[in-house]
2 protein chains.
Amino acid sequence: MEQSQLCPRFEKALEILSKRWTAKIVYQLQSGPQRFVWIENSLPNLSGKVLSERLKELEAEGIIQRDVYPETPVRIEYQLTDKGKAFAPLFKEISSWAEQWVELPPTPEE
Amino acid sequence: MEQSQLCPRFEKALEILSKRWTAKIVYQLQSGPQRFVWIENSLPNLSGKVLSERLKELEAEGIIQRDVYPETPVRIEYQLTDKGKAFAPLFKEISSWAEQWVELPPTPEE
DNA sequence: AATCTTAGTTACATAAAGTAAGTGATAAAG
DNA sequence: CTTTATCACTTACTTTATGTAACTAAGATT
């Protein structure tokens, strides 16, 4: 009985996307460079601890770039690299799948 | 300071995709109806316990369908619904992103 | 009766994520 | 100058999610 074998590049991409918060962070950065606290506030329930981990991972993957502005207090901005920006068509696909197939639960009346 | 607000459908889609194993299971099912053990074997490190949870979730989302064939021993097959098949273009996008941007680590020489 | 199959479930152990308090550098306020 | 404030994180601790391995149920085979 043989195993289906995934293309390793594809598998890597899936792993990036399937990791909790990663896709949301990348999506959030599509709107431009942002600081730590801004990203944190824009994603409810994402803790600073995990955000910090994810930003490091994404930087290591070359998907985002970390820029330090030695002002006072220091300003640090995260932005997508070309590799990160290249996710755009993918988000578009997710979006059109969602529009066609996701049913929203009825808004509860108060 | 206002928060960026995700479209709830889009967010739902992201949540489905970002949940560990979900995307891989759906991708695996793109090749046709499959039984529990087959899916389990095709995805290394996925435990039967989590597979069982995910299949229930995906069925509840209407992304897969569970068919029971009362043979002996019973045969149960999982297959994508139209909603699940509609992920195909998304996988294609992931794939083309991966081909363009994912660098493979050099194969270690023995 | 003991054994085999499939499709799971259960109990327990480990890993990942959430929470809240703390750090270090700098500056402005009292 | 000592306290307070800001930002970008860490650290210690708790809760949740996942992995592992053994077990169950129902019918067929030996």
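A close approach under 4.0 Å does not occur between any side-chain nitrogen or oxygen of B/Arg20 and OP1 or OP2 of C/dA16. Between B/Trp21 and D/dG19 there is a side-chain N or O to OP1 or OP2 distance below 4.0 Å. Within the 4.0 Å cut-off from OP1 or OP2 of D/dC7, not a single side-chain nitrogen or oxygen of A/Arg35 is found. In this model, the phosphate group of C/dT9 is approached by a side-chain N or O of B/Lys56 to a distance below 4.0 Å at OP1 or OP2. Phosphate proximity of D/dA26 to B/Arg75: absent, as no side-chain N or O sits under 4.0 Å from OP1 or OP2.
No salt bridge links B/Glu93 with A/Lys92; every basic N to acidic carboxylate O contact stays at or beyond 4.0 Å. Ion pairing of B/Arg9 with A/Glu103 is absent here, as no side-chain N (NZ or NE/NH1/NH2) approaches a carboxylate O to less than 4.0 Å.
Side chain of A/Val50, nearest nucleotide from D/dT20, C/dA7, C/dA17: C/dA17. Each of C/dA17, D/dT10, D/dT18 was ranked by its minimum atom distance to the side chain of A/Ser52; first place goes to D/dT10. Of the listed nucleotides (C/dG18, D/dT18, D/dT6), D/dT18 has the atom at the smallest distance from the side chain of B/Arg54.
The nearest whole Å value for the distance from the CD1 atom in A/Ile39 to the P atom in D/dA8 is 9 Å. Protein atom CH2 of A/Trp38 is 13 Å distant from nucleotide atom P of D/dA8, rounded to whole Å. Note: CG (B/Leu55) to P (C/dT6) measures 17 Å, nearest angstrom. If you measure from atom CG of B/Asp67 to atom P of C/dT6, you get 18 Å, rounded to the nearest angstrom. Distance CD (A/Glu71) to P (C/dA28): 13 Å, rounded to an integer number of Å. Rounded to an integer number of Å, the gap from NZ of B/Lys49 to C1' of C/dA7 is 17 Å. In this structure, B/Ile76 atom CD1 and D/dG27 atom C1' are separated by 14 Å, rounded to whole Å. What separates CD of A/Glu53 from C1' of D/dA8 is a distance of 15 Å, to the nearest Å.
Environment of NZ in B/Lys83: crowded, with over 12 heavy atoms of neighbouring residues, nucleotides or ligands closer than 6.0 Å. Environment of CD in B/Glu71: crowded, with over 12 heavy atoms of neighbouring residues, nucleotides or ligands closer than 6.0 Å.
Across all strands shown, A/Tyr78 has heavy atoms under 4.0 Å from sugar-phosphate atoms exclusively, and none from any base. Residue A/Thr72 is classed as a sugar-phosphate contact, given heavy-atom separations below 4.0 Å to backbone atoms only.
Along DNA chain D, the nucleotide nearest to A/Gly48 and the one nearest to A/Pro73 differ in position, and the one closer to the 5' end is contacted by A/Pro73.
A/Tyr27 has its ring centre less than 6.0 Å from the ring centre of B/Phe10.
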